[in-house]
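Some notes on the structure that comes next.
Numbering of ligands and ligand atoms starts at 1, following listing order. For the single chain, residues carry numbers from 1 onward in sequence order.
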Amino acid sequence: MIKIIKIDAIESTNAFAETLLADRKIDSSTCIITNNQTSGKGMGRNKWHSEPNLNLIFSLVYFPDFLLASNQFALNKTVALAVSDLLKQLLDKENIFIKWPNDIYINDKKGAGILIKTSVQYQTINWAIIGIGININQKSFPEYLPNPGSVIQYKKIEIDLDNTLNIFLAIFEKRYNQLKTGQTSLIDREYLNRLYQLNIASDYIVRGEKIKATIKGVNQFGWLQLLTDKGNTIECEVKQLKFV
Ligand code: BTN
């Protein structure tokens, strides 16, 4: 069972989880959730925007000491699968994709973001803070966001957040157990099947250069594998590739 800590308002659930970990005041399998995240962290230098009381904003704390640091991307995949499972369940008529490395798309809009921070000790993962923002009932978003989407834009009716969190946590436990019991080929297969733009030729900026290429897969370290229109296979890490 996952323990839930609910906080009315907080700057960032990820930052709060880190403070609790530093003070050794938090156990594995804990979810910190807030109604109002005032300074949410996104990937890189991005912020995560969410209006109060409308979306699911939480961090899961786990101690996956069974996982080698070199296999950390398997955790990213597991989380991306769990979030996409939830969106598939809520929006069964839409296409749900995982946009590499771990954004969750509803058709061609970003419906959820994931930010994972880990600590490594003796080559295995000591703790992981898995920050998740899922846009649920927010109808409109600030102009500066490139392509936000939310469940209500497709489903048209408001969704109960507490209930949806419980559904998600059950899904997550199932997925996490797959990881823990070594079902990595299933995780790899499903992650690949959901990958946005898999096998579709498209434009990318790779290490500053615009190229036409096709996504073919992801390697063990989470690097994206592409086949260029010149017939070369290339691998890039997150900072080296931009979707155009
Ligand atoms: C991204 O796509 O840029 C990642 C966004 C992650 C947002 C979540 S919301 C809950 C948790 N707390 C944070 O400060 N960020 C993550």
To atom 6 (C) of ligand 1, the nearest of Lys47, Lys41, Gln37, Glu11 on a heavy-atom basis is Lys41

Within the 4.0 Å heavy-atom cut-off, what Asn46 brings close to ligand 1 is neither

Original post:
Quick one: are the ring centres of Tyr204 and Phe243 less than 6.0 Å apart?
Top reply: yes

Under 4.0 Å from one or more heavy atoms of Gly133, ligand 1 contributes atoms 8 (C), 9 (S)

The protein heavy atom nearest to atom 3 (O) of ligand 1 is Met43 N, 2.7 Å

- Query: Would you say Gly131 and ligand 1 have an N/O pair spaced under 3.5 Å apart?
  - Reply: no

The atoms of ligand 1 lying under 4.0 Å from a heavy atom of Thr13, numbered in the order shown, are 10 (C), 11 (C), 12 (N)

Ligand 1 to Phe58, heavy atom cutoff 4.0 Å, flagged ligand atoms 10 (C), 11 (C)

| query | Does a side chain donor of either Arg175 or Thr78 reach within less than 3.5 Å of an acceptor in the other side chain? | reply | no

One finds that the ligand 1 atoms under 4.0 Å from a non-hydrogen atom of Asp103 are 2 (O)

Distance col, row Ile125:CD1 vs Phe63:CZ, nearest 0.5 angstrom, shows 13.0 Å

Distance only, no hydrogens: is a donor on one side chain within 3.5 Å (strictly under) of an acceptor on the other, for Ser50 and Asn55? yes

Atom NZ of Lys117 with >12 non-hydrogen neighbours under 6.0 angstrom = no

Note: Ile114, heavy atoms under 4.0 Å from ligand 1, region reported as backbone

For Lys110, the ligand 1 atoms with a heavy-atom partner under 4.0 Å come out as 1 (C), 2 (O), 3 (O)

Aromatic ring centroids of Tyr196 and Phe97 under 6.0 Å? yes

I'd like to know if Lys99 pairs up with Asp108 as an ion pair, taking the criterion as any Lys NZ or Arg NE/NH1/NH2 lying under 4.0 Å from an Asp or Glu carboxylate oxygen. no

For Gly40, the atoms of ligand 1 under 4.0 Å from one of its heavy atoms are 14 (O)

Of all protein heavy atoms, the one nearest atom 5 (C) of ligand 1 is Trp48 CE3, 3.4 Å

